[in-house]
Every structure is written in C-alpha cells, then in structure tokens.
Amino acid sequence: MPLETLPPLLSEALAARGYAALTPVQAAVLEPEAEGRDLIVSAQTGSGKTVAFGLAMAAQLLDDGALPPPRTPLALIIAPTRELALQVSRELTWLYGEARARIATCVGGMDASKERRALSHGAHIVVGTPGRLRDHLERGALDLTALRVAVLDEADEMLDMGFREDLEEILDATPSERRTLLFSATMPKPIVALARRYQQDALRISTVGEDRGHGDIAYQAVTVSPSDIEHAVINLLRLHEAETAMLFCATRDNVRHLHAGLLERGFAAVALSGEHSQNERNAALQALRDRRARVCVATDVAARGIDLPSLSLVIHVELPRDAETLQHRSGRTGRAGKKGTAVLIVPYPRRRRVEMMLRGARINAEWVDAPTPEDIRAADRERLLTALLAPVEVDEEDQALAERLLAEKTPAEIAAALVRAHRAAMPEPEELIEGTPEARRAAQQERHRPGFDDVVWFRMDVGRRQNADPRWILPLLCRRGHITKNEVGAIRIGPNETAFQIPRAIAAKFQAAVARTGEGEDDVRIELSQGPVEGARPQRNGPNRPPRPAHHKAKPHRKGPRTP
C-alpha cells in the first residue's frame, strides 16, 4: 500500500522516518477487509508491528484527519514488560507527532503519582503494563469509558506471565463497541479463549512466512562437549566481536554464573533476569546503549521488549524450549533491515533434538565447528589491519607525539607495540574439545580412569529432589562401604535416586560392608543396580558416558543427609 493513501499526518511522519514502503504486517492491517474489524495478528519479531497497530487504529483516533482535544483516552495499548511499553510509546510518539498526540505511559518502576497527574490532564493514547494499568483503574485515575480501540501487544507472553486477571479487569472496564487488536506470536488455547470473549468477528492475519527463520538473520549451530559450553561462548564472542551481543540462559542462576565468568575474563557485560531491580535493569540497558557494555546475558522474559539497534549477535547458550522461543530470542537481532547472526550452542547429546526443532521451524541453520584460538587470532589480525590502515584525522598534538615515537623507535617496533596493546585489551580464546565423533571418543578415552574397565553399578534412594550432591555422597559411600573416594567411579544423579560405579574387584567387599553398617543415621538405602538411573546427570567423579535408561520406583521426598 502506497504511503500516499494514509492520512497526511501519518504519511509525513513515515516519510520523515525514512519509510519508502510499508512492511507486510503494516500493509496487511490496512487492507480493506481489515478496516474497522477486530484483528488477531501474528508477525515476526522486528517486523514493524508497533507501527502496524499505530496505523490500524488511526481511523478510530482521527476525526477529519486530526485528533480531538485530549480528554479521556481513545486508545489503550497493553504490553507485557516495562521495556516493551516504553518502546511502543517512543514509536507512537514519532508516528503521531505531527498530529500532536498526547501519550501517557503507565508502567511499573515509574512514579505512579506523576502518571496519575498526566492522566488527569488528558491523553489520546495510554500505553502501559497490565499491573500498573489495573492499579490506576482501581484508583479511579484511568477512565476507559470513551475508549475506541484496545491493543494487546504480545498477548501470549502476558498470559504466560500470569496477567490474565489484570487483562480481564481492564477490558471489562472498556466499552463493548470498542475495536480490539490482539497481537500474539502463538495461538494457544488461553489466547483463543481471550479472543472469543473480547472480540467480535475477528480477522486472523499472519505474516509469518514459510521461512520462519527471518530473512535478515543467519542461523548457525555449533556442537560442543557439555563441559565446553562456556568456553564456546567465549570463543564465539571473540570471533564475532559484535558491537552488541545478547546471550540467552534458561534460569537466573545460570545468568548470574555466566555473567560472573565473562566479567572475570575481561568482557564488558551486563545481566538481566528476574532478580534485578528496575533501577539495575535501567542501568544495564543504558550501558548497552552508550557502548559501555557490549554483552548482555539474559533470561527469555527479562529480554522481552528490549530494542537495541546495535545488536548483531544472539547466542543461545542454553537451548530454547521450542521453535517459538527460538524465534523470539533470535528476533532481538536482524531488525529494521539490518543483518544479524543467531548461534545455537548444541551439546553433543542434544543434536538430534535441535535438528528436529529446526526442521519444524523451517529454519535452515548452518552447522559449523566451534571457533578455535587459531580462527580467532586470524580474525583479530584482519580486524587490526583494517583499523590501523583506515584513514584518520591527525591534529598537531598527535603528530608531535608520532614524531617523538619515530625518533625513539623504528616503525617496526612501534607497529609491534600497537599489535601487542591491541591483543592485550582482548580476552584470551579458549581451547575446545573438537566436535568430530572421533575426537569425542578420544577425549572420552583420555578421561577414562584406570581400574574402571569392569564395574558394578549400585544405587541409593536419594536424588536431585532430595538435594543429592557428590560433596556428601562420596563421604557417605566411603564411610558405609569402607572404601576410598578413588574407588568410586561415575556418579549419576537422577530425580529420585543416584547410581554409582564400584570396580568389580571390590564390589563384593563393598556390598558386605554396606550390609554391616546398615542405613544408620543417614537413612539412605544402598543396593545393587542394573545400571545408571533414568534422567540422571553425569557427575565429575568418573567417566562421562551417557546414562542408559533404568526403571526404578520413585521414593518419597526426604531431605538429604547432612555432610558427614
């Protein structure tokens, strides 16, 4: 759709912003069949959906091409996170700038009294998060009786975050004849139920193409040893040297651990997770925007709504739970026509699962080897040459210093010093286990401990849910079985039980000692087993072979024994 067909105030704003044409989702919501109707829209992250619903609601906001005087809100946009709400507010500010729209933002972490004053002065558009909007509504500061259009941005995420009651209370306070635009990447049952309750004859729009991998994002997958994941992160960051990179972890504990490791190695990194206050989040985002930090380690929810124009690299440190999460994470980069790279770090045992997820998502990822120190040093050399050979403007002071250096040193010595200074400023790359099956087998053999070629598996009736940990399991086995810690092989900790290896040569002696000592104060039963337990995780005390499934009945929950 040509920009000339839009209201003049909006087409001028788009032209000033550099728009030559509308994106697919922006054009779709303006089609004749969508005019005035409730909409359910699915679009890729970074496809311009904020401008899309800004354009779609223009017919409800503008009277004869202009906005009426600001009184009670005409449009309400609800977003799941503070960052996304602020981003939406910024987008609508320039889009409706020529129309002199008054936009009020109501989000957690801001001064609620200032927000109430802004609402009392009148607003055309209100943008906010569910909790803060509900609070203003219940206090009488937010009047939705004249609302013409409501927009739920990332509705699926809001329901996942537990905002259903807030959304229902807010929408119940709006006129029934309002227009409702629902933007949701997925359509789970709760979204379908929400649409059925609050929309009438909604038109379904999807601009998610056959290539869901997003045309501006290059996907790569790197297989590594499970113990090499953090080293692979270091080498990927060093190889790409992205202006801004985002690293995704599954839990706040893993965010904290990886962030600390990056800081220790000299990376300028910040962290975003549920444990950080709003002030800490603001400081972290500002550090990324003004380039004081170049790496952000985050959980999925904490990264929602973050828009960093300089973000060119996304690393999935821990694998996404499904294709939609993969798309949302990766969509932080490759935005507004810029190119980006998304890298999945795949532990050897998870490769088949990842291949299935990529096929289901119709994403063509290139399987590549993890960067080696040699790869990184070669890239460093090219980057250094490019930087030093680039033309620069030199003032008199710089020229004088250069002449003094040339008087003291040869050009070769000065160049070598520059190279050394450049390398010293960057973290050292890490050595990785090679990714070929032959290399994995060789590495496995190197880790194999003498004396454990022939072993007997035993089991104990405590696991992860009972706080099982090798730090107290080893002393317990030594005390009960009259052995040393060097006589315990691999340990596999499952959800409700733990399996471990004992060399066959001493297995009978160990079993007899366990029978004599009995369960005692530790209240843990030890007995023969057919092999590792189902769902067990390898520990560091023995060979790291993948566990074979075994079927045991789960025991009642109990606390783990105290450390002897």
Side-chain angles (χ1 to χ4, degrees), residues 213 216-249 258 261-269 293-297 310-319 329-330 332-334 338-351 354-355 358 363-390 415-416 418-444 446:
D216 293 326
I217 301 176
Y219 283 85
Q220 295 180 349
V222 176
T223 54
V224 298
S225 164
S227 61
D228 260 347
I229 290 176
E230 190 169 326
H231 289 169
V233 171
I234 302 300
N235 286 9
L236 285 166
L237 289 174
R238 285 286 286 105
L239 179 72
H240 290 274
E241 286 294 325
E243 189 173 355
T244 307
M246 182 163 284
L247 279 50
F248 281 100
C249 296
L258 181 58
L262 293 176
L263 292 178
E264 184 182 0
R265 286 172 170 86
F267 288 92
R294 296 176 58 188
V295 181
C296 177
V297 190
S310 60
L311 182 63
S312 60
L313 176 65
V314 167
I315 300 178
H316 302 269
V317 181
E318 292 182 273
L319 295 174
R329 286 180 174 185
S330 303
R332 296 298 102 203
T333 186
K338 296 182 179 179
K339 301 297 182 182
T341 302
V343 184
L344 293 94
I345 298 181
V346 185
Y348 301 141
R350 309 287 294 279
R351 173 159 180 159
V354 172
E355 288 174 336
L358 291 171
I363 291 174
N364 293 320
E366 180 186 6
W367 289 86
V368 298
D369 293 331
T372 65
E374 292 72 25
D375 296 332
I376 295 166
R377 293 185 184 106
D380 284 345
R381 287 192 292 271
E382 293 302 317
R383 284 189 286 260
L384 177 60
L385 288 172
T386 300
L388 294 181
L389 294 176
L418 280 173
V419 171
R420 190 179 302 112
H422 176 80
R423 286 179 175 166
M426 291 185 279
E428 280 295 310
E430 298 283 352
E431 295 286 347
L432 301 178
I433 299 172
E434 292 184 34
T436 63
E438 294 77 12
R440 294 203 296 272
R441 285 195 292 270
Q444 187 70 52
E446 289 177 5

Item checked: Neighbour count above 12 (heavy atom, 6.0 Å) for Glu374 CD ->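 Enclosed: over 12 neighbouring heavy atoms sit under 6.0 Å from CD of Glu374.
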Which pair of non-hydrogen atoms, one from [X] and one from [Y], has the smallest distance, and what is that distance?
X	Y	value
Ala370	Val224	CB-CG1, 4.1 Å
Leu344	His316	CG-CD2, 3.9 Å
Ala379	Leu239	CB-CD1, 4.1 Å
Arg329	Cys249	NH2-O, 4.1 Å
Val346	Ala221	CG2-CB, 4.3 Å
Leu237	Phe267	CB-CE2, 3.8 Å

Using 0.5 Å steps for rounding, measure from the [atom1] atom of [X] to the [atom2] atom of [Y].
X	Y	atom1	atom2	result
Arg377	Arg381	CZ	CZ	8.5 Å
Glu430	Arg265	CD	CZ	4.5 Å
Leu313	Ser330	CG	OG	10.5 Å

Checklist line | Short N-O contact, Arg383 and Asp380, less than 4.0 angstrom | finding: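 Yes, Arg383 and Asp380 are salt-bridged.
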Item checked: Glu428/Arg238 ion pair, N-O < 4.0 Å ->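 Salt bridge flag = no for Arg238 with Glu428.
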Using a 4.5 Å cut-off on heavy atoms from C-beta on, say whether the side chain of [Y] contacts that of [X].
X	Y	value
Leu358	Trp367	yes
Thr333	Thr341	no
Asp228	Tyr348	no
Leu262	Ile234	yes
Val314	Ile217	no

Check: Side chain of Asn235, backbone of Ala232: donor and acceptor closer than 3.5 Å?
Finding: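 The answer is no, because no donor-acceptor pair under 3.5 Å joins these two groups.
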Notebook entry, point to check: Does Arg294 reach the main-chain N or O of Ala242 with its side chain, forming a donor-acceptor pair under 3.5 Å?
Noted result: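 Yes; at least one donor-acceptor contact below 3.5 Å.
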Checklist line | Chi angles and distances behind the side-chain contact (heavy atoms from CB on, under 4.5 Å) call for Leu236, Ile345 | finding: CA-CA 10 Å; Leu236 285 166; Ile345 298 181; 3.9 Å; yes
